[in-house]
Each structure stands twice: as structure tokens, then as C-alpha cells.
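The chains referred to below are lettered A, B, ... by the order of the sequence lines, with proteins before strands, and numbering in each begins at 1. Given the structure is predicted, the values throughout are model-derived calculations rather than measurements.
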2 protein chains.
Amino acid sequence: MADKRPGRVTLKDVAKAAGVSIGTASDALAGRGRMTKQTRDRVAETATELGYVASALGKGLRTGRTNAIGVHHQNAVTALSTPYFRDFLAGAIAIAQHHDYDLTVLSSNWVEPRRTAPRVDGIIIIDPIGDDTRARELMTYDLPVVAGEHLPEGMPKCAVVAADHRGAVETILATVIEQGVHEPLIISPDRNSGWGDELRRVFDDWCAHNGLVGSLREVRFADRDPEAFRSWVTTELRARPGIDFILTASTAAARGALRAVADQGRVPGRDVLVACCSDDPSLLQAEPAVTAVDLPARSLGAACARWLFEMLDDPAEAANAPGALRTVPAHVSFRASTSGRTTAGSAIVRP
Amino acid sequence: MADKRPGRVTLKDVAKAAGVSIGTASDALAGRGRMTKQTRDRVAETATELGYVASALGKGLRTGRTNAIGVHHQNAVTALSTPYFRDFLAGAIAIAQHHDYDLTVLSSNWVEPRRTAPRVDGIIIIDPIGDDTRARELMTYDLPVVAGEHLPEGMPKCAVVAADHRGAVETILATVIEQGVHEPLIISPDRNSGWGDELRRVFDDWCAHNGLVGSLREVRFADRDPEAFRSWVTTELRARPGIDFILTASTAAARGALRAVADQGRVPGRDVLVACCSDDPSLLQAEPAVTAVDLPARSLGAACARWLFEMLDDPAEAANAPGALRTVPAHVSFRASTSGRTTAGSAIVRP
DNA sequence: GTGAAAGCGCTAACAG
DNA sequence: CTGTTAGCGCTTTCAC
């Protein structure tokens, strides 16, 4: 009911006014076809005169192109408050704009499947979560899809761009093992998160390699309350008093761990080393500052978008991409929380 | 050339497979029309069997609805690094998702007009800038448009949602006038910014009302380098040594002003009061902390989206909106930079 | 060089 | 109750 812009001037109007056929008008405006410069100019003129603007819809229907890529996140609204998501978006938008593409933030409101393919040429799924039904649905439309971060087990395969968590975390682990750590604890997201899977893998490999018995505490990916972590870690610490290293996924967990360790009357960064697989300003200001992996959100977003455009340009690429992985380097900021006994003083030194 | 998804199953396929006409299939899936529950179910079944997903393009072309709203910013990529823009987006997305709409960040890459209407039902222009040709172009497509913040002089009219800058700034001015300020300086964006226009208006009114002669320094809206502001303010301060109050638009300008005042061997917050018409964490940490207007970015974004949906639902609203203004309250955080002589000590007190 | 016509996938009249 | 038809605005053969 609502619509059909009445004043809308269409290609047909332009054609009629310019005294050419509708096909010719199309060609003229698009700089296509062979025609006298005169005709072309005349059409262009009448188009501007009439205030003609091409309908992206009509064009899209015909060409199969929408000139937009979509991004999906399980909860875009709250995610927008994190620097990670914001930087990711910035990276993706930068690439999209470079291709003169719009970027659509897909509504994640749909409780039930919508059964309507979004009006985009390809989709980036940020932080794919196992129980995100909408993400799964998006992957069934046969649009090219690239996931920003590892897919959890059991999700359909698609192209994946991930930070090099293994490389980054291994440099942290190498540092702490030198300091004689021998009872590590990892606090990681559960099996709904591919990131969590990867972190646990790296951790397990390292434990195995060094003959250590690590313990594991799984939490939901979206948990963000430091106090909850504080009590969980306290529980772990009571159960295993020998724990001397805590590796956390989220920054909230790291902060919670710091407090929990202090609660035990032990000194974080000396008695118990702490490191985090992600970073934000709170870790720098923490006491002691926490060694952390700086996730390259912006590069990730850019890399996802770039790959998507490759797939758009080359169907063969699109066909091969599912299952493939690209990796973006991640750097580690070493701070007092892993400086250990050797420089323990610096952890609490003040200017 | 690129396209035409070959495997794409269309409504026609479903209709054929279900043994009904294409129109009936459409009605069945949409829960429209009157037909036996049996037929409807059969169609639905075959649809899922075949993996049918409706094309948003075809539907959009027909209905004139795209189920997406667009946002435009002169430079979305860099703006994304500001909390303001991010919060604005979050507000708009929240409302959009509530209506089950996608939100498209329009590409601002286009050096020259694209002459193609974006695939959206309405547009939000964030921070409309006078020399933003793309924004002007967007306003010519006859889509409903709402601007987030005041339009600069000379821009076509549209619906405007703005923070209540007048209210907020006036409470600041009331405070400083009590402290005997009598030579104020305002540093505001130039005529390209409607926000700047508004701030200057409020400032001028206040000066006139109190019989003060204020001075004005105009800068570009996008200027963000505190050092540049530092030297500009220094120039002003040299030219008019009596300046005892500086009102800035941007936080960078406020920080620059602080330094410039100190450069003169005077104490900001005591000898020269400073206040800012926008806020961010840097002003809280500044020395002294700067009194600032807390721009309600999220509410602004939400209000823009909300109005847009009203216009979408009601053509009459859309017709009346251009030229209309809605206002969102803005709060002031009073801090040491305007505490003046009475409590000057607190401006430089340290724990 | 230019025009006519088909059709992208869908919905909305109107027949039957 | 269901099928047919006519487009939405555009691009793209293919005739002329």
C-alpha cells in the first residue's frame, strides 16, 4: 500500500522526453553502446533536467548486483559499544567504500527465520557463534560469506579470516614457561565460539608439549562481568592452590582474575602470572597492567571485506573459499602481569 | 555479466513444484489471500524443500520498500573512531532492528554524483556539512531524510533532530557570568556547520544580553589537532589579553585552549575559565577537568531513526517534516575548568 | 546508429 | 478459492 513514489521520474520518462527509445536512453546514460555523441549528450541533458535518478532496485534486479555488502553480528547494537566491533566495522567500511559499495548492518532482530535473502552481494559474519541461528540461516542463502574469526565446531564451512591467535598466544606462553610456570589455568569461551576452540587448542598443545596439566574453565562468549569471573576464578584457585598462571580470553576475565588472586592474598604478576588473549584500555590501567594480545580488529574487518570482493569478482574464488583460512598477525603487549619474580617490583612501582 | 545466481530457486520454481500458480504461491507464503490450509501448507513445504528464499530485490521493486534505512556521513570511516558517531549508530541501529530494518552505511566515496538512488527507504544524514556535495545529492532523491544536527545555512530543508545545545550552553554561560566573566571568546566551527551556527547564535545572544563584547574564532568542523588550537588560541590571547572565558566546540579545541592559557603563565579554570560544547574522556582527565556538554549521541541516533519510521508510515508526516525540528536534551558536566576563583584550589588539587 | 521486446523475481488486480 | 495478467525500472540481446 504504502508506496510507489508518484513523482519518481523513470528511465522511460527520460527516453520519451529525449525522443529516444528506453534502451538507447539506458545505454546513453551508462556510456554504453555506440551512438552519436549528440544523442548521448541530449539524453544526459534531459536526464538532469528531469532530475532523473536511476533506481538501484531495478538495476539490481536486472544485474544481480546490489552494490552493498552486509555484516552480521549476533548483537550488533551492544557490540557497537566495544572498540573491537567498531574497529572491525571501520576496516570493512573503508574497503567497501573503496569499491564504492555500501555496507549494510543486517538486522539481527529476527526471532524466526525471515526467508528473505538480504539485499546484499555478500556477507561478513563477525564473531560467528554456534547458537546464532540467524548466522546459520545467512549461510544457506547462496551468497558468498566470510566469517571474521574462527567458526565453532558444527557450523557450515565458509571462508574464514582470523587473527593469528596461535602465534600471539604462543609467544606469551613461551615467556611464562621460562618463568617456571607449572600449573596453568585457562578461562575460555565455550564450544559456541571458534575463538575459544582455537585458544583451548593452543593451550592444550602447549601443556602437552611441556608436560603440564592445565585446567580449564569455560564461560559463555558474551560474559562480560568481572565480578562473575572473580568468583569463578576464586573457586578454581581454592580447588587448585598451585595455579601459578591464568590465561584468559576476555578482558573482563583478566580483571576478575587479578582480583581473585589478590583476594587469596597473593600477588598477581608475581605469585600468579596473568595474561589475556584480547586487549582494551582497562588492562593497561589494571594493577598490575596485564599482558595482552592486541587483536587487529580493523585489519580483520578490512581483510574480510577484501576477500569478499575477491569472491564477488571471481566466481572460482567464491567456489574455493569455503573451508579456507586467512590469518592476520596479532601483536602482544607484554606488561607487568607476566614480568614475574625477576622484575616483580616494576609491577607495583609508581612514578 | 557477473551474475544471475544459477542455482537460485525462485517463486516460479516453487509454484511449479507445488502445482499451483505463481500468484497463489506468493500469497501462500505471505499468509495472504484465501485458500485451503492444505494448499498453503503444501506450498510452504515445497518451498522449504527446495530451499526457496525470497529475493528482497524483486519484492522491493514491486512494493517500493527495501526494509533498510541509510545513514550518511561525510567521512564515515574516520568518524567511526569517535564515540559520538559510534553511539549515534548504535541508537539508530537499535530502532531499525526494532522495526526489523537493516541499516546501511552509505558509501561516501563518490567523488562525483552517482545518479543512483541508494537502495533504502529513507536516509539519516549525520552532521550535515555545507560543502558535503553527497549529502546535498541525497536530499534531492525524493526519499524521506532526517538530519542529525542542525543544517548549515543554505542547505535544503529537511527534518532535523538536534541536541538542545542552547539549553545546555546557556546553563554554562549562566554559571560563568556569575563569576564575573566579561571578555569571552568562542571557538566554533565555520558556516559549514549548523552546529557552529547554533553555538554562535547562543553565544551572541548571551553577549548581547549581558552587554559583553565577545570575540570569535572560526575553524573547520573537522579540525581535531589540539596543537593547532593551542597556537590559534595563543594568537587570540595575545591580541586580547583580557579574555577570561573560552567556550569551545570541539574537545580538541578545549585541550588546546588549556595549554595556550598555561603558556601565558595563567591558570586555566581560575584566570581563564574554559568550557566545551562537546565531551569525551580526555576532558575529564585534563588538568583542570573541563566543563562540557554531554552530547546525547545515542538518543540522537534513535530519535532520527524513529522520526524516519514515522515518515515511512505516514506520508503526511513525511510531507510536513522538512523544516521541522525535534530536540533532544543535553546535559552539562560541570568540572573544575569553570569553578573559578571561589573554588580555584580544587582545580589543581591533587590527591 | 537506434528501437523493440524479453525478462530479472515479485505482488496485486482481476478473472474465472 | 485459485489462475492469469500486468507491470515495478532496468539491462540486454537482437532486429532494423
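Comparing D:dC10, C:dG1, C:dC10 by their closest approach to the side chain of A:I22 singles out D:dC10. Comparing atom distances between the A:K59 side chain and each of C:dG9, D:dC10, C:dT11 picks out D:dC10 as nearest. Closest to the side chain of A:T36, out of C:dT2, C:dA5, C:dC10, is C:dT2. Between D:dG3, D:dC10, C:dC10, one nucleotide has an atom nearer to the side chain of A:S55 than all others, and that is D:dC10. Listed nucleotides D:dC1, D:dC10, C:dG9 differ in distance to A:L61; the shortest reach to its side chain belongs to C:dG9. Looking at the side chain of A:A54, the nearest of the listed nucleotides D:dC10, C:dT2, C:dC10 is D:dC10. With distances taken from any side-chain atom of A:K12 to the nucleotides C:dT2, D:dC8, D:dT11, the minimum falls on D:dC8. Side chain of A:L11, nearest nucleotide from D:dT11, D:dT2, C:dA4: D:dT11.
Atoms CZ (B:R65) and P (D:dG9) sit 16 Å apart, rounded to a whole Å. A:R62 places its CZ atom 13 Å from the P atom of C:dA6, with the value rounded to the nearest Å.
With DNA chain C read from its 5' end, the first of the two nearest nucleotides for A:D27 and B:G23 is the one closest to A:D27.
Screening B:I125, B:V146, B:L151, B:L138 for a side-chain contact (heavy atoms from CB on, under 4.5 Å) involving B:C158 leaves a single residue, B:L151. Exactly one of A:V20, A:T48, A:T46 qualifies for a side-chain contact (heavy atoms from CB on, under 4.5 Å) with A:V14. That residue is A:T46.
When heavy atoms are screened at a 4.0 angstrom cut-off, A:T10 is found touching the sugar-phosphate backbone but no base atom.
Contact check, B:T63 against C:dT11: no side-chain N or O comes under 4.0 Å of OP1 or OP2. In terms of phosphate contacts, A:T39 brings a side-chain nitrogen or oxygen within less than 4.0 Å of OP1 or OP2 of C:dT2. Listed pair A:T24 / C:dG3 meets the phosphate criterion, a side-chain N or O lying under 4.0 Å from OP1 or OP2. Residue B:S21 places no side-chain N or O under 4.0 Å from the OP1 or OP2 atom of D:dT2.
The aromatic rings of B:F88 and B:Y84 sit tilted relative to each other, their planes meeting at an angle between 30° and 60°.
In this structure, the separation between NZ on A:K16 and CG on A:L50 is 10.5 Å, given to the nearest 0.5 Å.
A 4.5 Å side-chain heavy-atom check between B:N67 and A:P118 finds every atom pair outside the cut-off.
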